[in-house]
Amino acid sequence: MRHETKIEPHKDTADNARSEAARRKANDVELVALTKRYDGSTAVDDISLRIPAASYCCLLGPSGCGKTTTLRMIAGHEIVSEGDILIQDRNVTVAPAVARGTSMMFQSYALFPHLSVVDNVAFSLKLKKVDKAARRKQAMDYLALVQMENLADRLPSQLSGGQQQRVALARSLITKPKVLLLDEPLSALDPFLRIAMRAELKRIQTELGITFVHVTHSQEEAMALSDVVVVMNGGKIMQAGSARDVFEKPTNAFVARFIGGHNVIRMGARSVAVRADKCHVAAASDGRHLMAEVIGREYQGPSVRINLMSLDKQPLSVVVPDATFFADPQSVGSRVTVSWAPEHEWALEDVA
C-alpha cells in the first residue's frame with residue numbers, strides 16, 4: 001500500500017531541482033497519469049494535468065466523459081486506480097478527504113434543513129470545537145462575502161435555490177481550502193440566475209485568490225468562467241488551455257463540435273474547423289466553398305444562425321448579423337453557396 005509522501009525534485013543539477021520546485025509551487029493541482037477503473041470499465045484513462053495557482057479551471061464534457069469522477073478523485077471521494085494527485089506540491093493520492101486541503105460544493109447543496117443559515121455555515125467550526133461566538137463571527141464574515149448575511153437566521157427551506165447555493169458556497173469556503181471543488185453548481189438554477197451566479201463565483205474566486213475546479217457540461221459556462229478549460233471525452237483529456245485558445249484552435253473534431261460555433265469540414269484527406277461566424281452564404285465565391293441546402297433558421301436576437309446540409313452530406317451552420325439576414329432572408333429548402341476564406345481554417349488532428 002502506498003503512503004502519503006512528497007514527490008521530491010529528481011533532476012541531476014541544483015538548477016533543475018530549483019526549477020522543478022518552482023514549477024510545482026506554481027500549480028495548485030497536478031494530476032499525474034491518473035486512472036480510475038470500475039469492474040474492468042475505465043472511467044478516467046491515464047490523464048495528466050497541471051492547474052496553475054489561483055486559477056479558475058472548468059472540467060467540460062458530455063455526460064459520462066469522466067469529469068465528475070476526476071473531481072471526486074481530487075476530493076478523495078473515489079479511490080485512485082493508478083497515478084497520483086498533488087495539491088500544492090503534496091502527494092495526497094491516498095490521503096483521506098479531510099486531510100487534502102480541499103472542500104467540495106455538491107450539486108444538491110446538502111444543507112442541514114434543521115439548522116439556520118449561519119449555523120449551516122459554521123457547522124465545520126463547531127466540529128473543531130471553536131467557541132460559539134467565534135464561529136458565528138466567522139460564519140457571518142463568509143455570509144457577507146456571498147451577500148447573505150441579512151438572511152443568517154432563516155432555515156434553508158425559507159430560501160430560494162440561488163440563496164441556498166450561496167449558503168453552500170460560504171459553508172465550503174469557511175474551511176479555508178487550498179482548492180475548492182464544485183460539482184455542476186449552477187445546473188439547478190434558472191438561466192437568468194445561472195448567469196448572475198457564475199459572475200459571483202468568478203468574483204469570489206478572484207477576491208480570495210484560491211483555485212476553483214468546476215465541473216460543467218455547459219460550454220457557455222466554461223467559456224465565461226475559466227482561466228483553464230479542460231475538455232474531456234471517453235475518460236481522456238481532449239484539450240486543455242485558455243478558453244480563447246480552445247475556442248480558436250480546437251485540436252480535433254470532437255473539441256471543435258463540442259465547444260460549439262465551428263463547422264467541421266472534410267477536405268479530401270484532411271479535416272478543418274471554420275467558425276460559423278467566419279462563413280458566408282452567397283451566390284458564388286472565389287474562396288473555399290460548398291454547395292448546400294438550407295434546412296433551418298434560428299433567430300438569436302443580434303444574429304441569425306442558418307443551418308445547412310452540404311450536397312455531400314456535411315452539416316454546416318452560418319451565423320450572420322440579423323440585419324444582414326433580413327436584408328436577404330434564405331428560405332428553408334433553398335440552394336446556396338457556403339464560402340469562407342482559407343485563412344479562417346484551422347487544421348484538425350483527426351479526419352472527421
Side-chain angles (χ1 to χ4, degrees), residues 28 54-60 67-68 71-72 74-75 77 97 101-128 130 132-218 220-227:
D28 272 348
S55 61
Y56 204 119
C57 173
C58 282
L59 306 182
L60 172 66
K67 58 188 186 294
T68 297
L71 194 78
R72 289 177 59 81
I74 297 172
H77 300 154
T102 62
S103 184
M104 185 90 156
M105 181 177 167
F106 295 96
Q107 185 176 355
S108 64
Y109 310 147
L111 300 176
F112 298 113
H114 62 290
L115 296 181
S116 68
V117 163
V118 67
D119 287 339
N120 261 283
V121 175
F123 186 77
S124 64
L125 301 183
K126 184 178 181 179
L127 294 180
K128 294 177 181 178
V130 176
K132 186 173 182 178
R135 68 178 184 255
R136 182 179 176 89
K137 181 182 184 305
Q138 288 188 52
M140 290 301 293
D141 288 343
Y142 278 91
L143 285 172
L145 179 69
V146 298
Q147 301 174 2
M148 284 290 294
E149 69 273 27
N150 60 323
L151 301 179
D153 295 319
R154 289 194 182 182
L155 293 173
S157 61
Q158 298 172 307
L159 304 178
S160 68
Q163 290 168 337
Q164 290 183 36
Q165 186 200 50
R166 290 171 185 265
V167 176
L169 179 59
R171 186 179 63 179
S172 296
L173 291 171
I174 201 169
T175 62
K176 299 180 180 178
K178 298 172 183 175
V179 179
L180 180 66
L181 308 172
L182 304 101
D183 184 12
E184 301 206 36
L186 307 180
S187 62
L189 304 180
D190 65 70
F192 180 82
L193 187 55
R194 194 177 304 141
I195 292 172
M197 281 307 303
R198 76 187 185 205
E200 283 297 290
L201 286 173
K202 185 61 178 177
R203 174 186 67 81
I204 291 167
Q205 185 269 327
T206 302
E207 186 173 326
L208 295 179
I210 66 175
T211 288
F212 282 21
V213 183
H214 174 138
V215 161
T216 182
H217 59 269
S218 167
E220 181 183 357
E221 195 172 294
M223 301 297 276
L225 285 168
S226 294
D227 300 307

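Hydrogens, waters and symmetry mates are skipped; everything else that's a heavy atom, side chains included, is used.
- Across every non-hydrogen atom of L186 and R194, the tightest pair is O-NE, 3.2 Å.
- Of the possible polar contacts, one joining the T211 side chain to the A54 backbone as a donor-acceptor pair under 3.5 Å is found.
- Between atom CG of residue L225 and atom OG1 of residue T216 there is a gap of 8.0 Å, rounded to the nearest 0.5 Å.
- Closest of all the heavy-atom pairs between I174 and S124 is CG2-OG, 3.6 Å.
- No donor-acceptor pair under 3.5 Å is formed between the side chain of S55 and the backbone N or O of C57.
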Listed pairs under 3.5 Å, donor-acceptor, residues 148-161 side chains, sequence neighbours left out:
residue, atom, partner, partner atom, Å
Q158, OE1, L155, N, 2.8
S160, OG, Q163, N, 3.2
S160, OG, Q163, OE1, 3.4

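- The side-chain hydrogen bond (donor to acceptor under 3.5 Å, both in side chains) contacts involving residues 170-184 comprise E184-H217, where partners must be two or more places apart or lie in separate chains.
- Side-chain atoms of N120 never come within 3.5 Å of backbone atoms of L111 as a donor-acceptor pair (strictly under, hydrogens ignored).
- A salt bridge links D141 to K137: at least one charged side-chain nitrogen sits closer than 4.0 Å to a carboxylate oxygen.
- For the pair L181 and I74, the minimum side-chain heavy-atom distance is below 4.5 Å.
- Nearest heavy-atom pair, V118 versus R136, reported as atom, atom and distance to 0.1 Å: CG1-NH1, 3.2 Å.
- Between P185 and H214 the shortest side-chain heavy-atom distance falls below 4.5 Å.
- Sorted by first and then second residue, the salt bridge (charged side-chain N to carboxylate O under 4.0 Å, His left out) pairs involving residues 195-212 (not counting sequence neighbours) are R166-E200, R198-E220, E200-R203, K202-D227, R203-E207.
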List the steps and the verdict of side chain to side chain contact (heavy atoms under 4.5 Å, CB included) for I204 and L173.
CA-CA 10 Å; I204 291 167; L173 291 171; 3.7 Å; yes
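- Contact record, L193 with G162: CD2-CA, 3.6 Å, taken as the closest heavy-atom pair.
- Taking the side chain as every heavy atom from C-beta outward, F123 and L115 approach each other to under 4.5 Å.
- A side chain to side chain contact (heavy atoms under 4.5 Å, CB included) with L201 is found for exactly one of L182, L180, V146, namely L182.
- Between H77 and F106, the ring-plane angle classifies as parallel under the 30° and 60° cut-offs.
- Note that CD1 of I210 is 9.0 Å distant from CG of D28, once rounded to the nearest 0.5 Å.
- Residues forming a side chain to side chain donor-acceptor pair (under 3.5 Å) with Y142 (at least two apart in sequence, or on another chain): none.
- Among residues two or more places apart in sequence or in another chain, the side chain to side chain donor-acceptor pair (under 3.5 Å) test is passed with T102 by none.
- In this structure, the side-chain contact (heavy atoms from CB on, under 4.5 Å) partners of A122, at least two apart in sequence or on a different chain, are R135, A139.
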